[in-house]
Amino acid sequence: MIGFLRSYGTLAGMVGIILVFWIALPDTFMTARNWLNISQQLSMLIVVAATMTVVMVTGDFDLSVGAMASLAGVVAATLFQLGFGIPAAIGAALLTGFLGGVVNGVLVSLLGILPFVATLATLTMFSGAAFIVSGGKTISGKAIPEAFAAFARRGLEIGTIADRPAVVPWLTLLALGTVGLVWIVLRKLPYGRRLHAIGSNAEAARLAGVNVAGLRLSVFLFTGVGAAVAGVMYAARVASANPTQGDGLMLTAIAAVFLGMTVTRNGQPSVLATLAGVTILGVMDNGLTQLRVDSYVRDVLVGAIILAAVSISALGRRAAGTRQDRT
Amino acid sequence: MALTFTRQAAGGLLATLAFVAVTGPALAEGEKIAVITPYLAQPGTQFYVEAFQARAAELGWEVNVIDTAGDVAAVISRMEDVTNQGVDAIVLNVDPQQVGAGLDVAAAANIPVFGMDAGADPRIKANITSNGYAMAAETAVYVANRIGGEGNVVMFTFDAFPPVQVRGVIADAVFANYPDITVLDRVTPDVSDGGIADSRAKMEAILAANPEPGSVKAVWAAWDQPALGALQAIEAAGRQGEGIVITGIDANPEAREAIAASGNFEASVAQDFAGIGRTTADTVARVLGGEDLRASVIYVPTRLITAANVAD
């Protein structure tokens, strides 16, 4: 029973939440259209959280992702304003993310600064840079190319539901592609296994000949580029960019990874578990909005869900631990 | 023990959700209206929303107020959610240009969208707001009349922000219409610190460059913060006795305090936030009643605030 709760407590809770919404909203919740909606709404968070999973596998984390998403969006929009095309603008935004990742990686891995301190400092710097690039203003209107905004509104047609075309949004496909890529990196490549080794015991990994410094540096490239991708997606979705718009992604992404970690057997970060964590957070937002629950009550409930999941996991593990001690 | 606790915690949470789920739809009667804003924490927004809710209660509507805490993409997400839920109308308090994706979704489902001080867009039935041109005209002619149509005026404007830019245009026209009024300087303050500190610094420089008493007759500011900064500069320079007239716009609490003190800061313009909320509800009711609106922007009158009525 304890083992079941530890392994499946969070999953059971997630299923329970979905069932409650399904019963309360029989006509509108468990529909393909609603789930396509949810997937699109969560796409930016999924990209950030999936890449955050890579960093958290090595036991580090990156607080600068939200600020980097804002900065990347503003960089792309500013290039649009200057008359550059879509490839150049997106390329510059992704390059910004890559360079930001290099800076974070060097600070944490080569200089040995704690990730909390290093990425808190770069968070502030990226955020300041976003204000400098944009002049503090929201860039919107004609400066943003039609095709760029259209990307976030269109998708792959897969048929019709109730006489309206059913479309899998491009943003959703991009997010799922990112999850797939991270899954391959973490599960199928020797690179991913080395990251897990560092996460379990960095010293042992180093003695076993793993290039700990280089690998710890490299993981921040994932969060840097991932945040930039999410920032560009966000800018396309709102057809505009302002210097703070991605900031909220950071805490939610970390929450999603933690929530996901309560699902996995060994409490390790895993990208599919992160996807489950993101999904449950998004389902709460969608379902509670449809139930017309006050936004502030919604925030309290979401926090409570995270705490409950983590408590169940922690208590379950402790109970299991005591039992093992006795035997 | 730990196990019982976790079971209870999980159970309690699900029970809360279930309670919310059961009671939520049970309350539903009249029209369902969603009000979505990223800015509920701002004082002005709270006034509109409360007045909207009060009028909606009289009309027997079910209102769902959704605050996305500054997140504009979440406004689109919530628009998708409430469209899916099948609300009768959506009221927005955000720049419609940024939520085009949500407007498309609502339009596809034939759900009318209204702006509460939001901005214009073809997909919005009507935007209910204050007339920025009229507000600027109120204070600009107040300044012109107070200085008898002659003298040097300093303007504080901010053309990068469209709602403030329109105010500057009108003040330019009013002052240009008086042959003896000279615009000494048209300052765009740095607003990254809120606008007061830099406006003060700019005004101090202007006062230093024009030391003669009477060489600056008035300061017209497109919003209250530069007016407050100019007031600080004039007081710091010890020139408050020269009768320099200062006006702002928005009538924020600090501006009202300064106006009540009967010093140089003489006038500002108050938007009727509650009126905007009420009129938005009435406009939604007109459209739901089948009326085809002719005007896509509906203005709610504003009020000039001076020492005479600041206490009201």
Side-chain angles (χ1 to χ4, degrees), chain A residues 1-2 5 9 12-13 16-17 20-21 23-25 27-28 31 33-34 37-38 40-41 44 131 135-138 140-141 149 152-153 164 234 237-240 242 244-245 247-248 282 285-297 299 301 304-305 307-308 311-312 315-316 318-319, chain B residues 1-3 5-7 9-14 16-18 20-25 27-28 32 34 36 40 62-78 80-87 94-95 97-102 104-105 108-109 160-162 190-192:
Chain A
M1 180 62 204
I2 290 169
L5 201 63
I17 288 168
V20 167
F21 286 134
I23 293 162
L25 298 160
D27 303 326
T28 58
T31 63
R33 194 174 299 287
N34 193 43
N37 257 347
I38 294 175
Q40 174 164 276
Q41 295 167 3
M44 299 149 263
F131 274 95
K137 290 194 285 282
T138 298
S140 66
R153 294 173 201 189
R164 278 161 61 197
Y234 195 120
R237 181 142 159 95
V238 298
S240 61
N242 81 44
T244 60
Q245 67 188 13
D247 294 6
D285 264 345
N286 174 278
L288 292 174
T289 303
Q290 290 201 44
L291 287 173
R292 302 196 303 286
V293 173
D294 186 280
S295 342
Y296 304 134
V297 174
D299 288 347
L301 277 176
I305 296 265
L307 273 184
S311 311
I312 290 171
L315 292 172
R318 193 195 299 164
Chain B
M1 161 57 192
L3 191 60
F5 169 75
T6 49
R7 235 192 245 149
L13 211 55
L14 277 181
T16 314
L17 267 178
V20 164
V22 171
T23 51
L27 295 168
K32 284 184 280 184
I36 310 178
L40 195 58
E62 278 299 318
V63 178
N64 181 17
V65 177
I66 300 161
D67 177 24
T68 64
D71 187 343
V72 177
V75 170
I76 299 175
S77 301
R78 301 291 82 78
E80 290 164 353
D81 294 346
V82 299
T83 298
N84 189 34
Q85 172 208 343
V87 292
V94 65
D95 176 8
Q97 279 193 342
Q98 294 181 266
V99 297
D104 288 343
V105 170
F161 185 50
D190 179 354
V191 295
S192 56

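Just the heavy atoms: all of them, side chains too, but no hydrogens, waters or symmetry mates, feed the values below. In what follows, chains are A, B, ... by sequence order, proteins preceding strands, each numbered from 1.
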- Relative to chain A, which segment of B:D104 carries a heavy atom at a distance below 4.5 Å: side chain, backbone, both, or neither?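 The answer is the side chain of B:D104.
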- By a 4.5 Å heavy-atom criterion (distance strictly below it), what part of B:V72 contacts chain A: side chain, backbone, both, or neither?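 Answer is both: backbone and side chain atoms of B:V72 are under 4.5 Å from chain A.
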Side chain / backbone / both / neither for [X] at chain B, heavy atoms under 4.5 Å:
{"X": "A:F131", "result": "neither"}
{"X": "A:R153", "result": "side chain"}
{"X": "A:T244", "result": "neither"}
{"X": "A:D27", "result": "neither"}
{"X": "A:T28", "result": "both"}

- Query: Would a distance-only check, ignoring hydrogens and angles, find a side-chain to backbone donor-acceptor pair under 3.5 Å from A:N286 to B:D81?
  - Reply: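 Here the side-chain-to-backbone pair does not exist.
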- Task: Would you mind telling me which of A:Q245, A:Q290, A:M44, A:Q40 has the largest number of heavy-atom pairs within less than 4.5 Å of chain B?
- Result: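 Greatest number of close heavy-atom pairs with chain B: A:Q290.
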- Query: Out of A:V238, A:D285, A:N34, A:N242, which one racks up the most heavy-atom pairs below 4.5 Å with chain B?
  - Reply: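 Winner by heavy-atom pair count: A:V238.
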- side-chain contact (heavy atoms from CB on, under 4.5 Å) with B:D95: which residues, sequence neighbours excluded?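 Counting only residues at least two positions away or on another chain, B:D95 forms a side-chain contact (heavy atoms from CB on, under 4.5 Å) with A:S140, B:Q97, B:Q98.
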- CZ on A:R292 to CD on B:E62, rounded to 0.5 Å: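 It comes to 5.0 Å.
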- Task: Can you sort out the partners of B:D67 under salt bridge (charged side-chain N to carboxylate O under 4.0 Å, His left out), two or more places apart, ordered by chain and number?
- Result: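 None.
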- Derivation of the side chain to side chain donor-acceptor pair (under 3.5 Å) call for B:S77 and A:R237: CA-CA 10 Å; B:S77 301; A:R237 181 142 159 95; 3.1 Å; yes
- Task: Could you tell me which non-hydrogen atom of B:N64 sits nearest to which non-hydrogen atom of A:T289, and how far apart they are?
- Result: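 Smallest interatomic distance, heavy atoms only, reads ND2-O, 3.3 Å.
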